[in-house]
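Encoded as structure tokens, the structure appears first; notes follow it.
Each chain gets a letter, A, B and so on, in the order its sequence line appears, and its residues count up from 1.
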Amino acid sequence: KAGVTQTPRYLIKTRGQQVTLSCSPISGHRSVSWYQQTPGQGLQFLFEYFSETQRNKGNFPGRFSGRQFSNSRSEMNVSTLELGDSALYLCASSLEADSVFFGPGTRLTVL
Amino acid sequence: QQQVKQSPQSLIVQKGGISIINCAYENTAFDYFPWYQQFPGKGPALLIAIRPDVSEKKEGRFTISFNKSAKQFSLHIMDSQPGDSATYFCAASMSGGGADGLTFGKGTHLIIQP
């Protein structure tokens with residue numbers, strides 16, 4: 001069974017731009033969550049979607065948003081990029097209430 | 001507020017030795033405690049997880065010990081191998097990892113010396 005896939009793997013943007021990241025969960029998984037990983041703050045929960053509905057959101061500004069499609073694929077968007085948004089963005093999927101599996105991440109660099 | 005505190009930040013163990021990483025949590029509503037292994041350039045990979053109704057869980061060379069009264073849990077890697085060199089994260093969640101998200105420790109950089 002294929003794992004969580006994320007595209008693109010690397011992105012370079014400039015301040016003020018917006019970016020959209022994509023994630024395809026493991027087949028059959030309906031829960032998709034997003035995390036930000038930085039050296040300073042570590043791994044932080046952004047939000048989680050299930051059946052196209054956001055069920056929970058972490059402590060991030062409204063510039064960070066997401067959505068989930070009927071096929072469980074998900075996208076996250078960051079608007080008005082800041083230098084501090086440079087990070088590894090990880091998508092994860094799960095089938096039941098545990099066993100969360102992560103993708104390889106998208107490395108975003110904001111210049 | 002750091003809800004999951006992980007120690008040590010870095011650890012060097014000789015090949016064949018036992019690696020021990022500790023975590024402490026504050027939120028008593030947490031009921032699911034996984035450990036993840038991350039190699040450079042990769043996403044975290046689920047190693048092993050435990051719920052508070054058991055005090056220990058073993059899978060191969062990896063063991064989680066859980067102390068509910070002390071709000072602490074630890075990962076033991078037996079017969080540590082150079083291939084185990086990676087960053088390890090403990091995490092906690094209130095309803096499994098999905099809906100409420102995982103709260104992670106800051107990570108432990110483990111080096112196994114041959």
Is [Y] reachable from [X] through a run of I, L, V, M, F, W or Y residues, each pair having side-chain heavy atoms under 4.5 Å apart?
{"X": "A/V78", "Y": "A/L21", "value": "yes"}
{"X": "A/F60", "Y": "A/L43", "value": "no"}
{"X": "B/I77", "Y": "B/W35", "value": "yes"}
{"X": "B/F62", "Y": "B/L11", "value": "yes"}
{"X": "B/V13", "Y": "B/I64", "value": "yes"}

Nearest non-hydrogen partners of B/L102 and A/F45, listed with the distance
O-CB, 4.1 Å
Filtered by a 4.5 Å non-hydrogen cutoff, the part of residues 82-91 of chain A contacting chain B is A/L88, A/L90
Distance, nearest 0.5 Å, that separates CZ of B/F104 from OH of A/Y35:
5.5 Å
Once you round to the nearest 0.5 Å, how far does CG of B/L46 lie from CZ of A/F101?
5.5 Å
Under the criterion side-chain contact (heavy atoms from CB on, under 4.5 Å), I'd like the reasoning laid out for A/V100 against B/Y32: C-alpha separation, chi angles, the key distance, then a yes or no.
CA-CA 11 Å; A/V100 176; B/Y32 174 69; 5.5 Å; no
For A/Q44, which atoms come within 4.5 Å of any heavy atom of chain B: side chain, backbone, both, or neither?
neither
Proximity breakdown for A/R9 and chain B, heavy-atom pairs closer than 4.5 Å:
side chain
Give a yes or no on whether B/E59 atom CD has more than 12 heavy-atom contacts from other residues, nucleotides or ligands under 6.0 Å away.
yes
A/N71 atom CG, over 12 foreign heavy atoms within 6.0 Å:
yes
Tell me if a side-chain donor or acceptor on B/K42 pairs with a main-chain N or O of A/G103 at a distance below 3.5 Å.
no
Of all of B/P44, B/A91, B/G43, which one pairs up most often with chain A through heavy atoms under 4.5 Å apart?
B/P44
